[in-house]
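So the structure is just underneath, and the comments pick up after that.
We count ligands from 1, going down the list as the structure has it; atoms in each ligand are counted the same way. Computed from a predicted structure; not experimentally measured.
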Amino acid sequence: MAANFEIEQDFIAEQNKAKRDWLAEDFEYLHKKLRRRRVDIEAIVEKVRGLKIAVPSWGVGTGGTRFARFPSAGEPRGIYEKLEDCSTINKLVRSTPAVSLHIPWDKPDDVGNLVAAAKGYGLEFDAMNSNTFQDQPGQKNSYKFGSLSHEDAATRKQAIEHNVDCISIGKKIGSKALTVWVGDGSNFAGQSNFRLALERYLDSMREIYASVPDDWRLFIEHKFFEPAFYSSVINDWGTSYFCARELGPKASCLVDLGHHAPNVNIEQIVSRLIQFHKLGGFHFNDSKYGDDDLDAGSVKPFQLFLIFNELVDAELSNVPGFDPSYMLDQSHNVTDPIESLVASAIEVSRAYAQACLVDRAKLREAQVNGDAIVALATLKEAFTTDVSPILAAARERDSGAIDPINVYRTSGYRSKKSKERPAQMGISAGII
Ligand code: LRH
Ligand code: MN
């Protein structure tokens, strides 16, 4: 049986040949421009090479909404094909060497096989994600009215055990974190007692916390609405922060950009969590209205830059314990998921590179002098700098593609996969 098609390193190198001279020209131009700002372009390239962003296993399949999902040909049918696509993304951008699994969607039949397959693809496993927002076939207690905060102790116990199970799988595959997002909440005023619901959630999380290994992290992910449409138990960063503090040092807050009401100042929330030493990590995506899970940097690139401006400021200020984990969490309803994840990983690296260009001394001086015009202009100077040559150079130096989307399309990967992966019939809706 012919081996599955994969994009070979030689093919990427071959394709890069055609773009190398242009890149050198653009890089030299930017080099001169940054030198005038006393910025060492090589230092920025090295910083970008060090930025790693985890890819969500559920992001390589076509996503959908509650109305419909329109699967595309050649999409992955199981965890092994998802890993194959994740390795293709990393081959092209070289910044996504880790995959985040969602249980039970990715529950492995054979953990050994899964670890071996990931190793073969040069991939590691990032945070585990539990799922107590859907009922599984044969499940004893339904999560219709909540999970970790459910009124019924048996249902809470079931949800706790599921999270503990996620940790035990994670330990076997080398993961070092568990992300807990619950859809718990209410749709009507009076349906839930806010204080008691949070108390029950905390009690459940204390039991899960007790099972978290000492070298692991427990991420609490807040979300202001959906699937609950009146109240959510972990609705905002304040509640998440309180819970992380209550639980202990292994617990911290995960910021999914789409989990905030429109116009909320997310970069300020990030600076708060940094200052309070409880910033655990991110689910990067973008949105215009709700939790749209659109491609990172595709709607509000300036916000993404401002978030990285806070992160770089913390990095340069050596904030103790500052070590946020970066992950994409998106739903690709109308694009090839691999192209969207490639583009999104690049946009996250772009925001980081731009934030590294901020003239911090000039910004601080403007702040001290109350000079808002120069303060904003100092940020805009960095944000409006086209760092594409730096990003491409960083990819190429790690054997990635100078022009990843073009290499991906030229390879014919998706059409070859559509032959290798006969489509599974059946209409479906929902995010995966
Ligand atoms: C909830 C969420 C969470 C995941 C799910 C797939 O909206 O962001 O992080 O478990 O999406
Ligand atoms: Mn998320």
Side-chain angles (χ1 to χ4, degrees), residues 53-66 69 79 82 86 98-107 125-136 143 146-148 159 162-163 165-167 169-170 175 177-185 201 205 208 217-229 232-237 239-240 252-261 264 266 269-270 273 279-287 289-296 304 307 324-333 337 340-341 344 348 428-432:
I53 308 144
V55 166
S57 64
W58 59 95
V60 286
T62 303
T65 70
R66 59 185 170 168
R69 190 178 81 90
I79 186 56
K82 289 179 182 178
C86 290
V99 181
S100 190
L101 300 188
H102 219 299
I103 307 294
W105 298 339
D106 304 319
K107 190 157 184 150
F125 292 108
D126 200 88
M128 304 295 289
N129 295 269
S130 59
N131 177 342
T132 59
F133 51 86
Q134 294 173 324
D135 288 347
Q136 304 308 319
Y143 294 135
S147 61
L148 296 176
H162 166 68
N163 279 277
D165 182 37
C166 291
I167 293 171
I169 296 170
S175 173
L178 171 69
T179 297
V180 179
W181 170 70
V182 293
D184 296 24
Y201 167 87
M205 286 294 275
I208 295 169
R217 306 168 80 182
L218 178 61
F219 298 143
I220 298 172
E221 184 177 1
H222 60 274
K223 183 173 181 178
F224 76 119
F225 92 108
E226 189 201 50
F229 293 104
S232 293
V233 174
I234 308 301
N235 58 313
D236 64 11
W237 76 274
T239 305
S240 174
S252 53
C253 307
L254 185 140
V255 179
D256 183 313
L257 303 196
H259 290 187
H260 304 85
V264 162
I266 300 177
I269 291 173
V270 169
L273 290 171
L279 177 64
F282 292 88
H283 281 177
F284 291 119
N285 48 54
D286 215 332
S287 52
Y289 305 105
D291 187 19
D292 310 342
D293 281 339
L294 299 173
D295 295 8
L304 187 59
I307 288 169
S325 98
Y326 300 137
M327 201 184 108
L328 297 168
D329 178 5
Q330 301 174 177
S331 176
H332 310 110
N333 307 350
S340 274
L341 289 163
S344 303
V348 172
S428 64
I431 61 169
I432 62 152

For the residue pair Trp58 and Trp105, does the interplanar ring angle fall in the parallel (under 30°), tilted (30 to 60°) or perpendicular (over 60°) class?
perpendicular

Does Trp58, backbone or side chain, put an N or O under 3.5 Å from an N or O of ligand 1?
no

Ligand-side contact atoms (ligand 1) for residue partner His283, heavy atom cut-off under 4.0 Å
9 (O)

Aromatic ring pairing His102/Phe133, orientation class (parallel under 30°, perpendicular over 60°, tilted between)
perpendicular

Tell me, please, if His259 has any N/O/S atom, main chain or side chain, under 2.8 Å from the Mn ion (ligand 2)?
no

With backbone taken as N, CA, C and O and side chain as the heavy atoms from C-beta onward, which portion of Asp291 lies under 4.0 Å from ligand 1: side chain, backbone, both, or neither?
side chain

May I ask whether Glu226 places a heavy atom under 4.0 Å from ligand 1?
no

Any chance you could measure Ile269, atom CD1, to Asp236, atom CG, to the nearest 0.5 Å?
8.0 Å

Quick one: does Thr239's side chain have a donor or acceptor within less than 3.5 Å of a partner on Ile234's backbone?
no

Are any of the N or O atoms of His102 closer than 3.5 Å to those of ligand 1?
yes

Residue pair His222 / Asn235, side-chain donor-acceptor N/O under 3.5 Å:
no

Check: His283/Asp329 side-chain N/O donor and acceptor closer than 3.5 Å
yes

Provide the number and element of each atom of ligand 1 under 4.0 Å from a heavy atom of Glu221.
2 (C), 3 (C), 8 (O), 9 (O)

Polar contacts were defined as any N/O atom of the residue lying under 3.5 Å from an N/O atom of the ligand; does this apply to Ser130 and ligand 1?
no

May I ask you to check if ligand 1 and Asp329 share an N or O to N or O distance below 3.5 Å?
yes

Closer than 4.0 angstrom: is that true for some heavy atom of Asn129 and an atom of ligand 1?
no

Can you confirm whether the side chains of Thr62 and Asn333 place a donor and an acceptor under 3.5 Å from each other?
no

Strictly by modelled atom types, are Gln330 and Ser340 linked by a side-chain donor-acceptor pair under 3.5 Å?
no

If you measure every N or O of Trp105 against every N or O of ligand 1, does any of those distances drop under 3.5 Å?
no

Would you find a donor on one side and an acceptor on the other, under 3.5 Å apart, between the side chain of Ser331 and the backbone of Asp293?
no

State the atom name: nearest N, O or S atom of Glu221 to the Mn ion (ligand 2).
OE2

Given ND1 of His283 on one side and OD2 of Asp329 on the other, what angle do they make at the Mn ion (ligand 2), to 10°?
100°

Against heavy atoms of Asp256, which atoms of ligand 1 measure under 4.0 Å?
8 (O)

The atom of Asp256 among N, O or S that is nearest the Mn ion (ligand 2) is OD2

Can Asp295 and Asn285 be counted as having a side-chain donor-acceptor contact under 3.5 angstrom?
no

